[in-house]
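A short worksheet on the structure shown next.
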Amino acid sequence: YNNCFKNGILPIKIKEENVIEISQYSKRKEEIEINLEKQKIFFGNKEISFELDEFKKKCLIEGLDDIALSMEKINQIDNFEKQINSQKPWILNNE
């Protein structure tokens with residue numbers, strides 16, 4: 001999602017030592033769980049918390065893309081267009 005994620009990637013920050021530990025754990029092909037709502041990574045008996053931008057989290061959890069984000073504001077968009085049309089009708093005239 002263009003406004004939510006850059007190049008479809010959702011970056012999170014964790015300590016380098018945690019990255020190494022998760023990497024080593026993944027080589028054993030064990031299950032790793034990433035819980036976006038709780039902002040935690042679970043593997044083995046370990047748990048790592050991570051920070052995440054709330055807007056990006058909302059986009060991912062709710063499956064919002066640029067169009068869906070715009071549609072959330074459709075009432076405000078409609079009201080703005082009505083106001084412009086009544087005050088400055090030449091702006092929206094497509095002729």
Side-chain angles (χ1 to χ4, degrees):
Y1 307 118
N2 292 336
N3 286 337
C4 296
F5 315 109
K6 185 174 182 168
N7 301 321
I9 297 171
L10 179 62
I12 61 171
K13 289 184 180 181
I14 58 175
K15 295 178 184 175
E16 183 178 358
E17 62 202 42
N18 294 137
V19 173
I20 293 168
E21 192 174 16
I22 292 170
S23 177
Q24 290 171 346
Y25 189 82
S26 72
K27 288 177 184 176
R28 296 194 307 258
K29 301 190 183 201
E30 298 285 339
E31 185 175 306
I32 298 171
E33 176 188 342
I34 300 172
N35 186 308
L36 188 59
E37 287 186 271
K38 293 181 180 178
Q39 294 179 210
K40 294 185 183 276
I41 301 170
F42 301 97
F43 59 102
N45 61 356
K46 298 200 176 197
E47 174 182 308
I48 298 171
S49 297
F50 60 89
E51 295 298 315
L52 182 62
D53 178 83
E54 285 300 316
F55 177 71
K56 292 176 182 178
K57 179 178 172 180
K58 171 186 164 88
C59 289
L60 189 57
I61 289 174
E62 296 180 17
L64 299 174
D65 60 8
D66 291 345
I67 293 171
L69 288 168
S70 296
M71 293 306 291
E72 283 189 337
K73 304 207 181 304
I74 194 67
N75 288 336
Q76 288 129 333
I77 293 168
D78 286 344
N79 289 338
F80 176 78
E81 287 180 348
K82 287 176 188 172
Q83 180 183 356
I84 290 295
N85 196 36
S86 69
Q87 294 174 356
K88 302 174 186 175
W90 61 90
I91 292 178
L92 297 179
N93 189 348
N94 292 326
E95 294 178 11

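Values below: every heavy atom of this structure, side chains too, minus hydrogens, waters and symmetry copies.
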Hey, can you pull the donor-acceptor pairs under 3.5 Å for the side chains in residues 32-39, sequence neighbours left out?
{"residue": "Asn35", "atom": "OD1", "partner": "Glu37", "partner atom": "N", "Å": "3.1"}
{"residue": "Asn35", "atom": "OD1", "partner": "Lys38", "partner atom": "N", "Å": "2.8"}
{"residue": "Gln39", "atom": "OE1", "partner": "Lys57", "partner atom": "NZ", "Å": "3.0"}
{"residue": "Gln39", "atom": "NE2", "partner": "Phe50", "partner atom": "O", "Å": "2.9"}

In a table with atom names and distances, give each donor-acceptor pair under 3.5 Å that connects a side chain of residues 12-27 to protein atoms at least two apart or in another chain.
{"residue": "Glu21", "atom": "OE2", "partner": "Lys46", "partner atom": "NZ", "Å": "2.3"}
{"residue": "Tyr25", "atom": "OH", "partner": "Gly44", "partner atom": "N", "Å": "2.9"}
{"residue": "Ser26", "atom": "OG", "partner": "Ser23", "partner atom": "O", "Å": "2.7"}

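Under the salt bridge (Lys or Arg N to Asp or Glu O under 4.0 Å) criterion, Lys40 pairs with Glu47, sequence neighbours left out.
Other residues, nucleotides and ligands contribute over 12 non-hydrogen atoms within 6.0 Å of the CD atom of Gln76. Under a cut-off of 6.0 angstrom, the local environment of CZ in Phe42 is crowded, with over 12 non-hydrogen atoms contributed by other residues, nucleotides or ligands.
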